[in-house]
Amino acid sequence: MSKSWSSTLRLPKSTFPPRPLPKNRDLYLQRCADDFYEWQRANRSAEKPFVIHDGPPYANGSLHVGHALNKILKDMINRVKVQQGRRIDYIPGWDCHGLPIELKALEAAKGKNLSRLEIRKAARNLASNTVTKQMKGFRSYGVMADWENRWTTMDATFEIRQLRLFQAMVRKGLIYRKFKPVYWSPSSETALAEAELEYRDDHVSNAAWIRFPIADAWQTHPQLQQYREKVNGQLYAVIWTTTPWTLPANRAIGVHDDLSYYVVKVDNAAYLVAESRFEAFLSVLADKSAEVVGSLQGNALAGLTYHNRLRGKSAEPQPIIHADFVSADSGSGLVHLAPGHGMDDYIVCNAHGIPVSAPIDQNGNFTTEAYPDDPEVLCSAPSVIEGGGKKVIELLRAHDDVLSVKDYTHKYPYDWRTKKPVVIRATEQWFADVASIKQEAVEALEDVKFFPDGGKTRLRSFVTGRSEWCISRQRAWGVPIPILLDADGAAVVNDAIIEHIIKVIQERGSNAWWSDPVDDPAWIPPFLQGKHTRGTGDTMDVWFDSGSSWTMMDSRADVYLEGSDQHRGWFQSSLLTRIAAGAVGEIKFAKGAPFRQLVTHGFTLDGEGKKMSKSLGNTIEPHEVMEGTLLPPMKQKGKAAHGPPKYDALGPDALRLWAASGDYTKDVAMGVSALQQVQNTLVKYRVIIKMLLGSMHESARSAPLSVADNIAILQLQDTMSEVGEAFDNHEFHRAFVVLNKYVSKDLSAFYLEALKDRLYCGDGGGVLEPVFYGLLRMLAPITPLLVEEAWEHRPQWMKEDAAVIHPLRQLYDDPLLDPKRLSSELRSIREDVPTIMMVHGAITSCLELARTDKRLGSGLQSHIVLHVQDEKVRTVLAKYTEDELAMMFVVSSLDITDVADSQDLTDAKYFYEYKLPSNTGAVYVLPPKSKKCPRCWRYQAPAEESLCGRCEAIVSAK
């Protein structure tokens, strides 16, 4: 080459680095998060703010990618709303009370016997430190929020709001105290709510078939008397139980009126068993012979009584009663009822006036009531969780009342904190009446929009399945239940008492409830002085704490967004307290749910599809994603290759892009393959942005637009419309797919390839500036640091143009280009795009055939012949010059013919053929007609080493 022409070209120049520089991360975070939040507060209208109410994370431990998924999804929604012109109010919160924090505080005390007040102080300190650490983590993800005004459930102002909510529910008669069965955790020594349970399928119980002797059956029961001579022995009721430890609390046996029961003779005894369960009963008897001597309906068994030997020799006989839940498909068809250890048992026994007994203590150990004849026998036995049921079986085996015992694997509730089994135990607890408000709660969901739609059915089923809510806990770290005790020790609560206690707490703080002397008169209203004392036993359920957070808002939230497990947790507690309380103090927003939209996401899974869990050790911390340490280290050269590994740290945008890339309405995987895809995509974005930044010229604003430019604008507009619709429906994974398709296919493979010749060798025109703005608007909610960094490296002429608005501050639908610059034939061009892209794809495929044979490298080394048979295709292509088409298709020259055997094909040294779809014609790749221009590399020069006509004119002009 006789002369270097590179100095005459407009080659891309940009300071944008190929990878983000760690030293700039904090600066970009500050700008795109904290500064941006304050900007939008000042520049967006306050008339109709957009509010995501934060489902408070629990202030206990380090953040994991599940936390990141949740907070980033909220942040992306907020950023979309700013793009739509809304002002967002996002005030983060934390859930700070409860057992896990209390247990950690006790663990840190290393066995010291702490008072309640000392526990509270240690728990508060632990929660405060955790909030600070978690907040730092959330901010490192690029989440924008009003961090300075964050709230926690342990704030004094929050506690007062919660007590006011409790007061409003008392005023409406929805709070009461009752001795009844609740889920009880011996490992945590407190009652639990349904939402605090997790069910395991591998729990093993001692399932036992037990007999109870019927009292005076042959003498007093007319229908049984006819079978007396056939049996001539004791009649027994047979039950099957998986919780033999509950037998000391047995107070009745349930049968179903509509079931048929057999009288079965075995040796010198007889047994009552449901007809449908006879075969199962035979398997229990092993080799013993059995004979059915009679049958009768369940309603005929009413009035029978039996003896429970565990109640003691002097105990009264106990009744057999009808119970609706007795099934013909399990057990013996007779059910042992222990109203102190079963919800259904309690209800049916309560209707018959049968007393409730639960002879185990808070640790799950038997009390003296369990076996009155010899109390120490069961009191010294292991706890009911650790095998106390076996001791009960031993006592009954001495009377030959145990027919069979086998291990039984089944589903069983566990304490979600301690991971240990729970029991059902009757205790004195405070309850909220759900039964009377659940219909209104369900109706309130009618105007709520759910993402995904199935969330409505799920939440509705949880609400309709409840009748009451146990809101009391027997722990120190929580909001006190504001009650007094009368002279007999009975709890007293009413509006006046709560009002008085709230005022004292406002003055002294909630810790004073435990630190002040029990007889401090300040806590007792004047009209009760001398008659009552302060009841300091119970705190409120943490779900009541977090469920009270809607009182922090002036009106309904636009969005609640949490994991799908919150249908039975925070979503439900928020809804129920809102409906139950109505107006609370100055909070008087309209009736209905506290949320307009309810969005749920799934759990995070590891690379093998397993749910992430600390117990499994497969959790991933967000900083591992941001620093790239989960992927193989980068290849290094020279001395660096022998040094410490270096990872491709793409920062918060990598974490955010992962959150956007998966369908969060299902469980989301986080593994090497998923992260590699995210990493590759983010690198692709950076390559494209660097090319745009280095190739945008101010002169392009006045340059004429080519057909390719008009097509590029159309493709951008269509993509932005589809991405915007996905954003509005919170479908970030769909926006991710659409955006990536646009970047790879329309922008990279088509427009930028078609534009390179003009950019580098021609007038530098095109529509890269509008493309740059459009691309950054689509990326703004997902990768704001990338957008901020791109903006920092924009060309100097853009920095000097005061009319150019920061992409984060642009409205999504603001015009990208002056419409007057677009072709007047834009509608026609839009109609032509499918045909043009079809031909483009065929030419690309045909060129690839030639590359495979190593006939050419670049498409510029070819001449294209288009044989077009279809009239519609020919009409579309005829609208454009062959040179325009050649530029778009990145070839040196192109001819269109309707003759299959053109002279070009006849004279060519070689050619490659590729059929157009639907028999509309064919593409032929031939050798170029002219010589290679050394400046633009197009084969349009008249001779070797000479310039083509266009390049000659440009060089001459300079």
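Values in this document were obtained by computation on a predicted structure and should not be read as measured data.
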Lys456 to Phe450, cation-pi by 6.0 Å centre distance and 45° axis angle: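 Judged by the rule (NZ or CZ under 6.0 Å from the ring centre, within 45° of its axis), Lys456 is not positioned above Phe450.
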Tyr560 and Trp570 aromatic centres sub-6.0 Å: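 Ring centres of Trp570 and Tyr560 closer than 6.0 Å.
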Ring-ring centroid check Phe544 Trp430, cutoff 6.0 Å: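 Between Trp430 and Phe544, which both carry aromatic rings, the centre distance is not below 6.0 Å.
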Tyr414 and His203 aromatic ring geometry - parallel, tilted or perpendicular at 30°/60° bounds: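 Geometry flag for Tyr414 against His203: perpendicular rings.
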Lys178 bridged to Glu428 by N-O distance under 4.0 Å: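 Salt bridge flag = no for Glu428 with Lys178.
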Note: Asp54-Lys74 ion pair, threshold 4.0 Å (strictly below):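 Yes.
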For residues [X] and [Y], is any side-chain donor paired with an opposing acceptor at under 3.5 Å?
X      : Y      : value
Ser188 : Thr190 : no
Asp415 : Ser185 : yes
His532 : Asp486 : no
Arg311 : Gln318 : yes

Could I get the full list of side-chain hydrogen bond (donor to acceptor under 3.5 Å, both in side chains) partners for [X], not counting sequence neighbours?
X      : result
Gln429 : Thr427, Ser472, Gln474
Ser461 : none
Lys419 : Glu198

Partners meeting ring-ring contact (aromatic ring centres under 6.0 Å, His included) with His601 (sequence neighbours left out):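 For His601, no residue satisfies ring-ring contact (aromatic ring centres under 6.0 Å, His included) once neighbours in sequence are set aside.
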Show me the side-chain donor-acceptor pairs of residues 339-353 shorter than 3.5 Å, one per line, residues at least two apart or across chains.
| from | atom 1 | to | atom 2 | distance (Å) |
| --- | --- | --- | --- | --- |
| His341 | ND1 | Ile424 | O | 2.7 |
| Asp345 | OD2 | Ala338 | N | 2.9 |
| His352 | ND1 | Val348 | O | 3.0 |

Sequence neighbours excluded, every pair satisfying ring-ring contact (aromatic ring centres under 6.0 Å, His included) that has a member inside residues 151-170: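 Non-adjacent pairs meeting ring-ring contact (aromatic ring centres under 6.0 Å, His included): His53-Trp151, Trp151-Phe158.
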